[in-house]
Amino acid sequence: HVIHMCMSPEFDHLAILVQSDESLHLYKVDISIMANKSNEFCYIALKSSQISSTIQYINETIQAMTDAWEDILLKIDRKITKYSKDLPTGLTVTDEFLILLACGKARPELQSLLLDELTASGVKKLGLSLEISYNSIRRFLINHIS
């Protein structure tokens, strides 16, 4: 179990104090190659930080998109649930949509739901929101990865 570590002022040796079952051991490790390659290590650390930031940004953007989708789906679900409560006994929302698909005709209530509640502009707004999010991620990646 490592108790303490410290680096020499010249960054060429590392002292490690380790405790085993009944004794302490001091190890001195030559890390002069690391001191000679400090610019390379700095570059790797910088790139690692950039990658971590990019991953965090993408995760936050995806979370925001997910939240937006959930909000929209919740609104649609509420409207369909409200609609389903007004259906005649024995008829389900699925039945309504199957009849519309098979026959090309909808009951006036379903037609009202589709035209007034679930509007084309609402669907277009959803598509635009997703496109903006996609372009935002794309621009960010192009600017920060290249």
Side-chain angles (χ1 to χ4, degrees), residues 1-87 89-102 106 109-146:
H1 155 149
V2 175
I3 296 193
H4 185 70
M5 289 178 28
C6 67
M7 196 174 295
S8 68
E10 297 80 27
F11 300 108
D12 60 349
H13 286 90
L14 182 65
I16 306 169
L17 184 60
V18 178
Q19 180 179 9
S20 61
D21 292 336
E22 295 187 17
S23 61
L24 291 174
H25 301 277
L26 178 63
Y27 297 98
K28 184 178 179 184
V29 180
D30 180 9
I31 58 169
S32 57
I33 191 164
M34 292 177 71
N36 295 336
K37 300 291 183 184
S38 63
N39 289 339
E40 289 83 352
F41 283 111
C42 186
Y43 179 78
I44 290 171
L46 177 66
K47 288 301 178 183
S48 174
S49 174
Q50 289 173 343
I51 290 169
S52 293
S53 296
T54 301
I55 290 171
Q56 181 181 355
Y57 175 81
I58 290 171
N59 285 337
E60 289 170 1
T61 303
I62 289 172
Q63 185 61 47
M65 290 172 67
T66 302
D67 292 345
W69 265 100
E70 287 174 355
D71 288 345
I72 291 166
L73 291 175
L74 190 58
K75 288 177 186 175
I76 292 171
D77 186 53
R78 277 191 221 123
K79 290 176 182 181
I80 291 176
T81 300
K82 181 182 172 203
Y83 172 75
S84 70
K85 289 179 182 176
D86 296 334
L87 285 175
T89 306
L91 193 60
T92 66
V93 175
T94 304
D95 296 336
E96 286 275 285
F97 281 106
L98 284 174
I99 292 168
L100 176 61
L101 179 65
E109 295 85 354
L110 179 60
Q111 192 172 2
S112 174
L113 172 74
L114 295 174
L115 294 176
D116 300 332
E117 300 290 326
L118 306 175
T119 62
S121 65
V123 174
K124 286 180 185 174
K125 192 188 310 184
L126 171 63
L128 182 61
S129 169
L130 291 174
E131 188 175 339
I132 288 169
S133 298
Y134 167 78
N135 286 330
S136 173
I137 291 174
R138 192 170 145 258
R139 266 193 316 274
F140 180 82
L141 290 175
I142 288 170
N143 291 336
H144 288 84
I145 303 268
S146 49

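Not measured: the values here are computed from a predicted model. Worth knowing before you read on, the calculation uses all heavy atoms, side chains too, and leaves out hydrogens, waters and symmetry mates.
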Please examine the side chains of [Y] and [X], heavy atoms only from C-beta on, and report whether any two atoms are closer than 4.5 Å.
X      : Y     : answer
Glu96  : Leu87 : yes
Leu114 : Tyr83 : no
Asp30  : His13 : yes
Gln19  : Leu17 : no

Out of curiosity, [X] [atom1] to [Y] [atom2], how far, rounded to the nearest 0.5 Å?
X     : Y      : atom1 : atom2 : value
Lys75 : Asp77  : NZ    : CG    : 13.5 Å
Leu46 : Phe41  : CG    : CZ    : 15.0 Å
Ile80 : Leu110 : CD1   : CG    : 9.5 Å
Ile76 : Thr81  : CD1   : OG1   : 11.5 Å
Met34 : Asn36  : CE    : CG    : 11.0 Å

Might you point out which heavy atoms bring [X] and [Y] nearest each other, and give the distance in Å?
X      : Y      : value
Asp95  : Gly90  : OD2-O, 3.7 Å
Leu14  : Cys6   : CD1-O, 3.4 Å
Ala106 : Leu100 : CB-CD1, 3.7 Å

Tell me if the [atom1] atom of [X] is crowded by more than 12 foreign heavy atoms within 6.0 Å.
X     : atom1 : result
Lys79 : NZ    : yes
Ile33 : CD1   : no
His4  : NE2   : no

Query raised in the report: Is Ser48 reaching over with its side chain to a backbone N or O of Ile44, donor-acceptor style, under 3.5 angstrom?
Result: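 Looks like no, no N/O pair under 3.5 Å.
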
Requested in this report: Apply side chain to side chain donor-acceptor pair (under 3.5 Å) to Gln63 and list each qualifying residue two or more places apart in sequence or on a separate chain.
Outcome: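 Gln63 satisfies side chain to side chain donor-acceptor pair (under 3.5 Å) with Asp67 once adjacent residues are dropped.
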
Query raised in the report: Considering the options Ile16, Leu26, Leu24, which one meets the side-chain contact (heavy atoms from CB on, under 4.5 Å) requirement together with Ile3?
Result: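 Exactly one option meets the side-chain contact (heavy atoms from CB on, under 4.5 Å) with Ile3, and it is Leu24.
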
